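Below you'll find the structure, written out as structure tokens, and then a few comments.
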Amino acid sequence: MKNNQSTALIASAITTAVLALSATAVFADSAKVFFAANSHYYQRFDSPGINWNVAKLNCETLKGHLATFPGDNTENETPETTFVYANLVDKSIVGTNQYYYIGAQYTPSTQTWAWITNEAWGWLHYKPNTTGWNYFAVRSDDGFWYFKPVQPLSLTGSSHVEGYVCEWDGNHFVGSATVPDLNANGVDEIASLYLDYKNNKHTVKIRDPQTHAIISTFTFATSTTPPIGLAVVADMNINGIPEIAVLSRLNVQIKDAKNNTKVLSSINFLNNKYQPRALSVMPDANHNGFDELTVLGVLQNGKSTSETRDTSTKAILFSDTF
């Protein structure tokens with residue numbers, strides 16, 4: 001019993017340490033590259049000796065995943081792997097016999113390989129397995145893909161592993177809203193909010209649903225954390241055009257729906273103990289001619305608070321805890 005307890009305590013301590021390592025800031029060592037064939041983004045992270053589990057969590061922290069390369073059940077290199085090797089791995093400054101982790105792992109009980117995204121495997125372009133090695137890595141000097149040990153009981157990771165490659169399956173879309181007709185064709189527009197993974201900008205595009213033309217594009221905060229939501233606010237600068245409000249973390253920026261260059265208002269909500277969950281608009285409640293905005297935040301104990309502020313004065317009008 002004591003041995004089992006000791007083993008459990010050691011495993012728990014290792015897991016905690018691995019998670020703690022993954023919680024630190026993650027810095028890329030390449031720009032994001034875009035592969036047009038699947039509309040995915042990829043990025044290389046140099047981290048010598050990193051543990052596979054930490055690499056996996058780092059990618060997930062950035063709202064992506066370790067790169068995966070579903071194949072065509074042949075030994076041919078896929079266009080995706082060729083692209084990632086040529087544009088990321090081959091451009092690293094490491095020497096020969098170095099490796100970068102990707103998102104494939106082996107399940108001993110079923111004796112099968114699988115992608116962490118649950119995509120169909122279909123991939124044969126790799127070197128033979130070695131007993132005890134159960135994660136894939138790409139070798140930097142020849143483009144072939146190899147098995148490497150993750151060493152789960154060692155926080156130092158694997159020798160010769162130089163880093164890992166993250167993948168994003170297109171941009172991270174958050175929500176949409178209806179915007180009153182901007183181009184006078186009698187049809188309201190659709191605004192879509194997303195995190196642009198190429199530049200980490202919180203971005204809004206407004207399209208005419210009848211012509212499909214893009215009317216406006218806006219950029220708000222820059223962050224690897226996705227925005228929370230958007231709202232359409234009544235005209236604030238007396239030009240007859242509504243405004244677009246975007247919640248990023250606990251800050252809302254407001255821009256004119258036809259002008260990306262100027263922030264009309266920037267409003268902070270709640271405090272940093274809260275995690276933002278939603279943004280909504282309230283018609284002018286204090287009769288000063290401006291709409292109000294409400295942000296819902298949640299504490300670690302599960303309690304939530306909604307805070308409503310005037311878009312012009314930024315003053316708190318209402319606060320309710322649920």
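Small disclaimer: the values here were computed from a predicted structure and weren't measured.
For the side-chain contact (heavy atoms from CB on, under 4.5 Å) criterion with Glu60, the lone passing option out of Leu62, Asn58, Leu57 is Leu57.
Side-chain contact between Asn260 and Thr217: absent, with no pair of heavy atoms (C-beta onward) separated by less than 4.5 Å. Contact annotation: the side chain of Ser30 never approaches that of Asn87 to less than 4.5 Å [non-hydrogen atoms, C-beta and beyond]. You'll find the side chain of Val89 reaches within 4.5 Å of the side chain of Val165, heavy atoms only. Between Val263 and Ile254 the shortest side-chain heavy-atom distance does not fall below 4.5 Å. Residues Val295 and Val252 have side chains in contact (heavy-atom distance under 4.5 Å, counting atoms from C-beta outward). Side-chain contact between Asn268 and Lys314: absent, with no pair of heavy atoms (C-beta onward) separated by less than 4.5 Å.
Considering only residues two or more places apart in sequence or on other chains, Phe290 meets the ring pair (Phe, Tyr, Trp, His ring centres under 6.0 Å) condition with none of them. By the side chain to side chain contact (heavy atoms under 4.5 Å, CB included) test, Ile190 is found to be paired with Ser176, Thr178, Pro209, residues two or more places apart in sequence or in another chain being considered. When the ring pair (Phe, Tyr, Trp, His ring centres under 6.0 Å) test is applied to Phe269, no partner is found at least two apart in sequence or on another chain. Glu119 pairs by the side chain to side chain contact (heavy atoms under 4.5 Å, CB included) definition with Thr68, Pro70, Trp115, Thr117, not counting sequence neighbours. Phe83 is linked by a ring pair (Phe, Tyr, Trp, His ring centres under 6.0 Å) to Phe35, counting only residues two or more places apart in sequence or in another chain. With sequence neighbours left out, the ring pair (Phe, Tyr, Trp, His ring centres under 6.0 Å) criterion links Tyr274 to no other residue. By the side-chain hydrogen bond (donor to acceptor under 3.5 Å, both in side chains) test, Asn288 pairs with Asp310, sequence neighbours left out.
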**OP:** Could you walk me through whether Lys56 and Tyr101 pass the side chain to side chain contact (heavy atoms under 4.5 Å, CB included) test, one step at a time?
**Re:** CA-CA 9 Å; Lys56 177 176 180 291; Tyr101 276 134; over 6 Å; no
**OP:** Apply the test side chain to side chain contact (heavy atoms under 4.5 Å, CB included) to residues Asn183 and Ile215: give CA-CA distance (whole Å), side-chain angles for both, the deciding distance (0.1 Å), then the verdict.
**Re:** CA-CA 8 Å; Asn183 56 355; Ile215 296 175; 3.9 Å; yes
**OP:** Kindly indicate, with the supporting measurements, whether the criterion side chain to side chain contact (heavy atoms under 4.5 Å, CB included) is fulfilled by Val33 and Gln43.
**Re:** CA-CA 6 Å; Val33 294; Gln43 195 164 28; over 6 Å; no
**OP:** Would you please test Asn185 and Asp208 for side chain to side chain contact (heavy atoms under 4.5 Å, CB included) and show each step?
**Re:** CA-CA 9 Å; Asn185 70 344; Asp208 184 313; 2.6 Å; yes
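Linking Ile, Leu, Val, Met, Phe, Trp and Tyr residues whenever their side-chain heavy atoms come within less than 4.5 Å leaves Val298 and Val174 in two separate clusters. Under the 4.5 Å side-chain heavy-atom criterion for Ile, Leu, Val, Met, Phe, Trp and Tyr, Val233 and Leu230 are members of distinct hydrophobic clusters. Linking ILVMFWY side-chain heavy atoms closer than 4.5 Å, directly or via other members, places Val232 and Leu264 in two distinct hydrophobic clusters.
Heavy-atom minimum distance, Val204 versus Ala191: CG1-CB, 4.1 Å. A pairwise comparison of heavy atoms in Ser306 and Phe322 identifies OG-CE1, 3.6 Å as the closest pair. Considering every non-hydrogen atom in both Ser223 and Leu195, the closest pair reads O-CD1, 3.2 Å. Taking both residues in full, the closest heavy atoms of Arg44 and Leu88 are given as NH1-O, 2.9 Å, listed atom of the first, atom of the second, then distance. Contact between Lys258 and Leu182 at its shortest, heavy atoms only, is NZ-O, 3.0 Å. Summarising the geometry of Pro226 relative to His172, their closest heavy-atom pair is CB-CD2, 3.7 Å, with the distance given to 0.1 Å.
Between Tyr164 and Phe45, the ring planes lie parallel to each other; the angle is under 30°, not in the 30° to 60° tilted range.
Panel note: side chain Lys63, backbone Tyr197; no donor-acceptor pair is recorded below 3.5 Å. Counting only distance, with no hydrogens or angles, the side chain of Lys32 and the backbone of Glu167 share no donor-acceptor pair below 3.5 Å. A distance-only check finds a donor-acceptor pair linking the side chain of Ser216 to the backbone of Ala257 [under 3.5 Å]. Checking side-chain atoms of Asp188 against main-chain N and O of Pro180 turns up no donor-acceptor pair under 3.5 Å.
Side-chain atoms of Thr321 and Thr305 form a donor-acceptor pair, as typed in the model, at a separation below 3.5 Å. Side-chain polar atoms of Thr225 and Arg249 form a donor-acceptor pair below 3.5 angstrom.
Here the straight-line distance linking atom CZ of Arg277 with atom CG of Leu296 works out to 8.5 Å at 0.5 Å rounding. A distance of 7.5 Å separates CG in Leu293 from OG in Ser280, rounded to the nearest 0.5 Å. The line from NZ of Lys205 to CG of Asn171 is 9.0 Å long, rounded to the nearest 0.5 Å. Here the CD1-CG distance, from Ile228 to Leu250, works out to 8.5 Å after rounding to the nearest 0.5 Å. To the nearest 0.5 Å, atom CH2 of residue Trp52 and atom CD of residue Gln105 are 4.0 Å apart. Atom-to-atom distance recorded for Gln300:CD and Gln275:CD is 8.0 Å, nearest 0.5 angstrom.
Hydrophobic clustering, defined by side-chain heavy atoms of Ile, Leu, Val, Met, Phe, Trp and Tyr closer than 4.5 Å, groups Phe318 together with Met282, Leu317.
Among residues at least two apart or in separate chains, disulfide bond (SG atoms under 2.5 Å apart) pairs with a member in residues 161-261 are Cys59-Cys166. Listed by first and then second residue, the ring-ring contact (aromatic ring centres under 6.0 Å, His included) pairs that reach into residues 207-226 come to none, sequence neighbours excluded. Annotation: salt bridge (Lys or Arg N to Asp or Glu O under 4.0 Å) contacts involving residues 291-309, sequence neighbours excluded, comprise Glu307-Arg309.
When ring centroids are compared, Trp168 and Tyr41 stay outside the 6.0 Å threshold.
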Mind listing the side-chain donor-acceptor pairs of residues 239-248 below 3.5 Å, one per line with the distance, residues two or more places apart or on another chain?
from	atom 1	to	atom 2	distance (Å)
Asn239	OD1	Ile241	N	3.0
Asn239	ND2	Asp256	OD2	2.6
Glu243	OE2	Met236	N	2.6
Ser248	OG	His202	ND1	2.7

